[in-house]
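Starting off with a structure, shown below.
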Amino acid sequence: GQQLNQSPQSMFIQEGEDVSMNCTSSSIFNTWLWYKQEPGEGPVLLIALYKAGELTSNGRLTAQFGITRKDSFLNISASIPSDVGIYFCAGPHAGGTSYGKLTFGQGTILTVHP
Amino acid sequence: GAVVSQHPSWVICKSGTSVKIECRSLDFQATTMFWYRQFPKQSLMLMATSNEGSKATYEQGVEKDKFLINHASLTLSTLTVTSAHPEDSSFYICSAVRRAPRTFYEQYFGPGTRLTVT
């Protein structure tokens, strides 16, 4: 089946630093989604990408849909303590069914030291 | 908009009993909802797809007789863990799909339910 390989698995950074994480797949995806999950909560959608090469920002977050359609990147600029959480990439299952079944990456655990 | 709630947020039950978890889309209708299970610091594992008005579709390895799903209306899906055992202890998260102009893949998650079976 489809798999999303997300890296790094974890990051420990200082407040103010920039963060970069990526997601790769052996399969082509037509949509890339980035979610953030805080401890004890459900994931929250951060950015959705629908077109190869697309670059989209949401505040200090920027995500890109790779032109090969097999990868995506998420960057966080000037990190702050509340950026702590697990970041997941996700994409729709092969077959393109309309009900939105997703494949998730393994997640990147982000820790920000004040 | 696009708020999904779950109830309860946490529950402790004794081994052998059943527990029901509710998932509601508060401000939109969802013909499809998903149920996930998550272990600490791990990714979400899809358990089943809940479709309004029809039977749920379970992922391989998920026991449908143990995890009963009912999608009673366009805003409510329930997951019942029957005859719970300690190994069923986990964080259960639901999500609801909202149809959008550009894509069908806007999936919104509930806050999760922490189940502990003693």
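Side chains are part of it too, since the values below use all heavy atoms of this structure and drop only hydrogens, waters and symmetry mates. Note that this is a predicted model, so its numbers are computed, not measured.
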Discussion item. Please evaluate residues B/C23 and B/V4 with respect to the criterion side chain to side chain contact (heavy atoms under 4.5 Å, CB included), reporting the C-alpha separation (whole Å), side-chain torsions for both, the decisive distance (0.1 Å), and the verdict.
Written reply: CA-CA 7 Å; B/C23 178; B/V4 177; 3.7 Å; yes
Discussion item. Less than 3.5 Å apart, any donor N or O on the side chain of B/T78 or B/N70 sitting next to an acceptor on the other?
Written reply: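 Checked: B/T78/B/N70 side chains show no N/O donor-acceptor pair below 3.5 Å.
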Item to complete: Check the pair B/L115, B/C13 against side chain to side chain contact (heavy atoms under 4.5 Å, CB included), reporting the backbone distance first and the verdict last.
Response: CA-CA 8 Å; B/L115 170 63; B/C13 70; 4.0 Å; yes
Worksheet item: If we only count heavy atoms from C-beta on, is the A/V44 to B/Y108 side-chain gap below 4.5 Å?
Response: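 No, their side chains stay 4.5 Å or more apart.
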Worksheet item: Roughly how far, to the nearest 0.5 Å, is NZ of A/K70 from CG of A/L4?
Response: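 Going from CG on A/L4 over to NZ on A/K70, the span is 13.0 Å.
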Practice prompt. Start with the C-alpha gap between A/W34 and A/S72, add the side-chain angles, then the distance that decides, and say whether side chain to side chain donor-acceptor pair (under 3.5 Å) holds.
Written response: CA-CA 9 Å; A/W34 285 93; A/S72 179; 2.9 Å; yes
Discussion item. So that I know where these two stand, are B/Y36 and B/F91 an aromatic pair - ring centroids less than 6.0 Å apart?
Written reply: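 B/Y36 vs B/F91: aromatic centres not under 6.0 Å.
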Item to complete: Would you mind telling me which of B/R114, B/Q38, B/Q42 has the largest number of heavy-atom pairs within less than 4.5 Å of chain A?
Response: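 Max contact count across the listed options: B/Q38.
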Item to complete: Measure up the B/Y92 and B/F67 rings against each other and bin them: parallel (under 30°), tilted (30 to 60°), perpendicular (over 60°).
Response: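 Tilted, since the angle between the ring planes falls between 30° and 60°.
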Practice prompt. Could you tell me which residues in residues 104-114 of chain A have at least one non-hydrogen atom under 4.5 Å from a non-hydrogen atom of chain B, sorted by residue number?
Written response: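 Interface residues of residues 104-114 of chain A: A/F104, A/G105, A/Q106, A/I109.
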Item to complete: Please determine, by modelled atom types, if A/T62 and A/S57 share a side-chain donor-acceptor pair under 3.5 angstrom.
Response: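 Yes, a side-chain donor-acceptor pair sits under 3.5 Å.
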Worksheet item: Considering only heavy atoms, which portion of B/Q6 lies under 4.5 Å from any heavy atom of chain A: side chain, backbone, both, or neither?
Response: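 Neither part.
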Practice prompt. Below 4.5 Å from any heavy atom of chain B, which atoms of A/Q37 appear? Answer side chain, backbone, both or neither.
Written response: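 Contact with chain B is through the side chain of A/Q37 alone.
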Worksheet item: Distance only, no hydrogens: is a donor on one side chain within 3.5 Å (strictly under) of an acceptor on the other, for B/W35 and B/S95?
Response: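 No, because no side-chain N or O of B/W35 sits under 3.5 Å from a partner of the opposite role on B/S95.
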Fill in: For chain B, which residues of residues 78-90 of chain A have heavy atoms nearer than 4.5 angstrom
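Under the 4.5 Å heavy-atom cut-off, A/I86, A/F88 qualify.
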Discussion item. Working note: A/L61 + A/I47, criterion side chain to side chain contact (heavy atoms under 4.5 Å, CB included); need CA distance, chi angles, decisive distance, verdict.
Written reply: CA-CA 8 Å; A/L61 277 63; A/I47 293 178; 4.1 Å; yes
